[in-house]
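Below, chain A is the first sequence line, B the second, and so on; all start at residue 1.
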Amino acid sequence: MIIFLFSQFDCLDKLFQHKNQIMRYFESKVVSNEQITGDIFVLRVFRNQAEARPGQFYMLKSWDTELTLMRPISIFKAEPEEMWFMYRVVGAGTQRFSELQLGLPIKLLGPCGNGYPYEELKGKVAVLGGGVGIPPLCETAKTLKNQGVSVDAFLGFKDELFAVEDFKPWCENVYISTETGIEGHKGFVTDLLKPGQYDAVLTCGPEVMMRKVAAMCKEAGTTCYCSLEHRMACGIGACLGCSIRTKNGMKRVCKDGPVFNAEDLLW
Amino acid sequence: MIIFLFSQFDCLDKLFQHKNQIMRYFESKVVSNEQITGDIFVLRVFRNQAEARPGQFYMLKSWDTELTLMRPISIFKAEPEEMWFMYRVVGAGTQRFSELQLGLPIKLLGPCGNGYPYEELKGKVAVLGGGVGIPPLCETAKTLKNQGVSVDAFLGFKDELFAVEDFKPWCENVYISTETGIEGHKGFVTDLLKPGQYDAVLTCGPEVMMRKVAAMCKEAGTTCYCSLEHRMACGIGACLGCSIRTKNGMKRVCKDGPVFNAEDLLW
Amino acid sequence: MENVNLSVKVAGVSFKNPIIAASGTFGFGDEYNELYNVGCLGGISSKGLTLHGKDGNEGIRVWETASGMMNSVGLQNPGVEHFIQEGIAQMRRFGNVLIANMGGHSMDDYITGASMLSNADIDMLELNISCPNVKSGGMAFGIKAEVAREVVKEVRKVCAKPLMVKLSPNAENIVDMALACEEAGADALSLVNTFQAMAIDIHKRKPVFNNVYAGLSGAAIKPIALRMVHSVCKNVKVPVVGMGGIYTAEDVLEFIMAGAQAVQIGTVNFNNPLAGRIILDDLVRLCVKEGIADINEIRGVCL
Amino acid sequence: MENVNLSVKVAGVSFKNPIIAASGTFGFGDEYNELYNVGCLGGISSKGLTLHGKDGNEGIRVWETASGMMNSVGLQNPGVEHFIQEGIAQMRRFGNVLIANMGGHSMDDYITGASMLSNADIDMLELNISCPNVKSGGMAFGIKAEVAREVVKEVRKVCAKPLMVKLSPNAENIVDMALACEEAGADALSLVNTFQAMAIDIHKRKPVFNNVYAGLSGAAIKPIALRMVHSVCKNVKVPVVGMGGIYTAEDVLEFIMAGAQAVQIGTVNFNNPLAGRIILDDLVRLCVKEGIADINEIRGVCL
Ligand SMILES: Cc1cc2nc3c(=O)[nH]c(=O)nc-3n(C[C@H](O)[C@H](O)[C@H](O)COP(=O)(O)OP(=O)(O)OC[C@H]3O[C@@H](n4cnc5c(N)ncnc54)[C@H](O)[C@@H]3O)c2cc1C
Ligand SMILES: Cc1cc2nc3c(=O)[nH]c(=O)nc-3n(C[C@H](O)[C@H](O)[C@H](O)COP(=O)(O)OP(=O)(O)OC[C@H]3O[C@@H](n4cnc5c(N)ncnc54)[C@H](O)[C@@H]3O)c2cc1C
Ligand SMILES: Cc1cc2nc3c(=O)[nH]c(=O)nc-3n(C[C@H](O)[C@H](O)[C@H](O)COP(=O)(O)O)c2cc1C
Ligand SMILES: Cc1cc2nc3c(=O)[nH]c(=O)nc-3n(C[C@H](O)[C@H](O)[C@H](O)COP(=O)(O)O)c2cc1C
Ligand code: FES
Ligand code: FES
């Protein structure tokens, strides 16, 4: 089994290390790319050597210059030899990802961003995700459980469920909501959360949902970490295309985030 | 076996007929796409209903808008259920063609252009081609033989041969030249031609070669038809992107050609 | 589906829908009419005419670029007289709006050509002011607002038909240019024509085009064209027909939301010869999806 | 392979090769330096600085377009002072040419900023005159040649360092603009900056960018950028650094054949973060293939 695939471009002059991470641009190959429901796919690719943190993401592309920018996709699962991504087809880039097949080349830049500060967490933690904010929380739940933290998952869907089974091994409870009521609670996933019961809440998903979570946590005095989405060009902190205003000044979602303490956010 | 594949776009209001040809834009599927030597491929696709003439071409594309223009490729063989194209990979478009596989969709516009005036030909005819000017002459040779004309082929290559076996069933003699001398006559294919022996010479290939053939034919008093290449946008006569000056005024290579009587050309 | 109203009016002329085939990319309509009923389009703008006709440029005339193309056709056309005698009857068969597109290299040509066309059976004259003006040293009429103003003023005098002036994106200031043409009497404006651009064949170490520069069109230019249409619409009162890289029904809506009365489609016809028809079908579906009952409702919502 | 000479000189400054990272796309170099040794490039033009620093624009800042992208970063930067104290030392580590790119919204800002940078350890000042001039009603310094002439003249007085003026393609007349800047004392010119463009979110029925217009860059604009570089090179004597949609070594040769002394690469860094390195390697190979022993040989062959 080939674990490390270095492309022709991997002839680097030097390697730089950051907290044991080596961010790299490399070519990998698709292990599988499965449609799991509706417009949701799971893409598995050979990973690079770098240690990756839950909540980090990669910039991906499966094209040359037909599209200009790479696309940010979070780590869904970091397996020993593979990186798994779970994505929704929404536009031209994810459409192309959905056409990928076993053995085809794909370029990755990463791991990017800070990831969740899991090392600092103890006790009982809730992960709360909505839509394609759900995938990054899976690796997060696993990492937390592996360090002895008790995790509850709150997963909000519009209609069809996905990824639920992937959370079960790492969570005490998995609470489900759907907007259509097809399964679980009918309504919003935030209806289910009681932040006071947790030492921290980690959330990812639509901004309105995260704002609600942050407000609830604030009221309950629970630490809350939000993983933000922003349009990105470079993905590594150089272009300032993803900057947001925070209480601590301008921050780059791709480099200083995507995970921010809700306290620091201005929304 | 599916013979006629009509795409979703084939919901036309009316059909127009020209000399039994129906020029259409339609989506077909790849039957096979084989690398026959070096950078030369043979692409087979399901054909449409239209009658096609040797020397005509199709505008092809296997992309959406990643490339702007379709690419003109001559008919190599017009089989009852399939259209065959032989092409050389030279740039972005032909590169994409070379990646096509069984069953993949491909869009065709055609048949385009006038084709060789085979109906008017009698007796003994030479077809003389150089490089990727060779493929259109194959269907031409077959058509001529089938109407009782005796055909000799003169095929000029740089180095590696291709398509030679495809000519043999239809030709009395097949003369070969290579620039490297690897096979056949070492030098140019025009060295082999004795135009005085033929009632007509049909040629396709690099302009310098065709000019030489035209000059030789003129001297010998033999009719000569040349199939020209020109960059094209629409391929159907609307944009005037492929116009050339002839003795009879401006002509569109895509619509009034690509085959011209050498007498009419100004070069 | 049928409940979406797509009909629009430009300078008093009714179009059954806002999709017009752009000049120079659609001939006089007959070639594309072999592939689909081009009468389904709102209108067709003829190949650019000149008074005496032209053979066009020598050498390479079309060249593909990233998401676009360059052309240096050089206004090859049979001349105004020939168009009046043959082209018009041919275009009339389609039953949609007939726009005669005309350029010129001198004031006299413009005036004579326009008065001939004014007496002919056309619905609208589209005046292309991008051609180099021989008298003023090859600088195009479409660059300086003052030069454009003069030609439009003179043409207006002899033109009884609705007069649409087609602006060049190479104008020094597109808004000033639009205002000058409006003041000089244009009933409508269309923009953009192609952007002056260049390509080099590095192997031959020569410019690709004999004329060195050529015109860039296609999806590549859409964002710039949209900006120009938007800023012109903000500043003029006459209707504006937008174009430049429109490939999809979504693009059509963008231009209309930016203020365009109708649009023209050019380069996309080469990418997909049924584009006019497809964009039209898609536009109906898109309007339904977006809850637009009448395309005129959303015009200029982004102004 | 090693026998190809790629070194070039711009305004007295030696670059080991003609590839420079374009301002705003490469930060101060350190992020890309995590991926490859950015010291291999000829030089780096810093993120655009302003005297007092800026937070930049609100809302969406980057947007993909056909073969390009739009940005509305709005010159987010830490300010000249901070750059002098920290940015310079950081960029110096790379060992290549250090270009400080600076913009401004008023004449005073330009003068103060330029004199501070003139005394700092930079190799070259790249003056970005595309920013809207607050005093003249938001019209950019880079639109009218006469406005540009004034700012360049004043900056020249306080700037002892080689001064490169970066032109906007939105200038009314790019050649007049270039000539005005040359006359006002620019040692070199760089072009093009981004094209003013627009995008609309048809679902929201709103412009994508809070500022309505934003800057277009990438392969889409290459043909226009090349034309502008060519026409400027034909008319000025100072060296010109070309840019706009350069993605490959072939593109680099096109710009140099059009007369550019060196080139900058911007958007391509986002498409492929190793682009600088790859283009450089490819350029050596391409020169060998094309029989170019010294890149300076082919400069301007298409002029
Ligand atoms: C840090 C981060 C992690 C993400 N993780 C995931 C994930 O695990 N699974 C998943 O399905 N999606 C994820 N997304 C969203 C994903 O990046 C977008 O859905 C995707 O880029 C859309 O690309 P497209 O070409 O299909 O859509 P288009 O709309 O055609 O894209 C056009 C441009 O807009 C950008 N864009 C469009 N939508 C978004 C968006 N929501 N966020 C950021 N940029 C966008 C694209 O990157 C591209 O540059 C993440 C986004 C960020 C910022
Ligand atoms: C009537 C006609 C019939 C042809 N038949 C064949 C054939 O049977 N087999 C074959 O291998 N080739 C044939 N060609 C040439 C073929 O069209 C080009 O090799 C092909 O378009 C190159 O496309 P590309 O994208 O790979 O190259 P690129 O150089 O990347 O193409 C860029 C643009 O230039 C055009 N172009 C490039 N080279 C040529 C050329 N030589 N002639 C015309 N346009 C060109 C392309 O169509 C495209 O628009 C024919 C050309 C014409 C005009
Ligand atoms: C091959 C070609 C020929 C053209 N000829 C003309 C012309 O004769 N008159 C004119 O006004 N515009 C002409 N144009 C410009 C188009 O009408 C249109 O303004 C431009 O291409 C931008 O639109 P697009 O991006 O949809 O092509 C031509 C464009 C192309 C591509
Ligand atoms: C995200 C982004 C930010 C930019 N910021 C600046 C800037 O601060 N100063 C400047 O002079 N140019 C800036 N530019 C313009 C580039 O330096 C360059 O001129 C332009 O992008 C064209 O080159 P390209 O097509 O290679 O990107 C920026 C471009 C982009 C895409
Ligand atoms: S995307 Fe470039 S700084 Fe974040
Ligand atoms: S390619 Fe358009 S007329 Fe021939």
Side-chain angles (χ1 to χ4, degrees), chain B residues 7-18 21-27 50 58-59 61 63-72 90-93 107-112 229-246 249-256 266, chain C residues 21-40 44 47-48 53-78 208 217-220 245 247-248 266-275 277-278 281:
Chain B
S7 79
Q8 71 206 77
F9 300 146
D10 236 329
C11 52
L12 305 176
D13 297 332
K14 18 176 179 162
L15 296 175
F16 292 79
Q17 301 230 182
H18 276 273
Q21 292 172 229
I22 309 170
M23 186 182 62
R24 307 186 86 138
Y25 178 67
F26 62 104
E27 181 168 313
Y58 282 80
M59 299 292 286
K61 73 166 182 171
W63 46 85
D64 182 20
T65 52
E66 294 86 356
L67 298 181
T68 307
L69 305 175
M70 303 183 78
R71 301 297 191 255
V90 298
K107 275 134 196 155
L108 286 85
L109 168 62
C112 300
E229 261 192 22
H230 206 291
R231 287 177 193 259
M232 294 180 177
C234 71
I236 62 173
C239 74
L240 308 185
C242 65
S243 294
I244 54 160
R245 190 181 299 283
T246 72
M250 300 303 291
K251 295 287 170 193
R252 298 162 299 182
V253 172
C254 72
K255 181 93 174 178
D256 309 315
L266 292 166
Chain C
S23 177
T25 66
F26 217 71
F28 300 109
D30 45 331
E31 290 86 6
Y32 283 100
N33 199 48
E34 294 187 37
L35 296 169
Y36 71 100
N37 179 357
V38 299
C40 71
I44 298 173
K47 171 67 209 162
K54 288 184 69 177
D55 283 350
N57 294 332
E58 303 290 327
I60 287 180
R61 288 181 168 200
V62 291
W63 184 259
E64 180 153 341
T65 68
S67 293
M69 63 176 286
M70 293 166 68
N71 90 78
S72 178
V73 168
L75 283 187
Q76 183 188 333
N77 81 91
V208 164
S217 61
Y247 279 30
T248 64
T267 302
V268 69
N269 295 300
F270 308 146
N271 181 260
N272 183 332
L274 306 183
R277 179 58 187 274
I278 295 168
D281 290 353

Sequence neighbours excluded, which residues qualify as ring-ring contact (aromatic ring centres under 6.0 Å, His included) partners of C:Y247?
->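 ring-ring contact (aromatic ring centres under 6.0 Å, His included) list for C:Y247, sorted by chain: empty.
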
C:F270: ring-ring contact (aromatic ring centres under 6.0 Å, His included) partners, not counting sequence neighbours |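 ring-ring contact (aromatic ring centres under 6.0 Å, His included) check on C:F270 returns nothing, list empty.
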
For [X], is it the side chain, the backbone, both, or neither that has a heavy atom closer than 4.5 Å to a heavy atom of chain B?
{"X": "C:D55", "answer": "both"}
{"X": "C:T65", "answer": "backbone"}
{"X": "C:F28", "answer": "neither"}

State the [atom1]-[atom2] distance between [X] and [Y], to the nearest 0.5 angstrom.
{"X": "B:C239", "Y": "C:Q76", "atom1": "SG", "atom2": "CD", "answer": "10.0 Å"}
{"X": "B:Y25", "Y": "C:L274", "atom1": "OH", "atom2": "CG", "answer": "7.0 Å"}
{"X": "B:C234", "Y": "C:F26", "atom1": "SG", "atom2": "CZ", "answer": "10.5 Å"}

Answer whether the closest heavy-atom distance between the side chains of C:E31 and B:R252 falls below 4.5 Å.
->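 With C-beta onward as the side chain, the pair touches.
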
Answer yes or no: is there an ion pair linking C:E34 with B:R24, defined by an N-O contact shorter than 4.0 Å?
->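 No salt bridge links C:E34 with B:R24.
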
State whether C:E64 and B:K61 are salt-bridged, where the test is any N-O pair (Lys NZ or Arg NE/NH1/NH2 against Asp/Glu carboxylate O) under 4.0 Å.
->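 B:K61 and C:E64: not salt-bridged.
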
For chain C, find which of B:C242, B:A233, B:G235, B:G249 contributes the most heavy-atom pairs closer than 4.5 angstrom.
->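 Of B:C242, B:A233, B:G235, B:G249, B:A233 has the most heavy-atom pairs under 4.5 Å with chain C.
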
Return the minimal non-hydrogen interatomic distance between B:G241 and C:V62, and the atom names on each side.
->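 Looks like CA-CG1, 3.8 Å.
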
Please state whether the side chain, the backbone, both or neither of [X] comes within less than 4.5 Å of a heavy atom of chain C.
{"X": "B:L240", "value": "both"}
{"X": "B:I244", "value": "neither"}
{"X": "B:M59", "value": "neither"}

Please answer whether the main-chain N or O of B:T68 pairs with a side-chain N or O of C:N271 as donor and acceptor at a distance below 3.5 Å.
->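 Judged by distance alone, yes, a pair lies under 3.5 Å.
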
Run the numbers on B:T65 and C:V268 for side-chain contact (heavy atoms from CB on, under 4.5 Å), then give the verdict.
-> CA-CA 9 Å; B:T65 52; C:V268 69; 5.9 Å; no

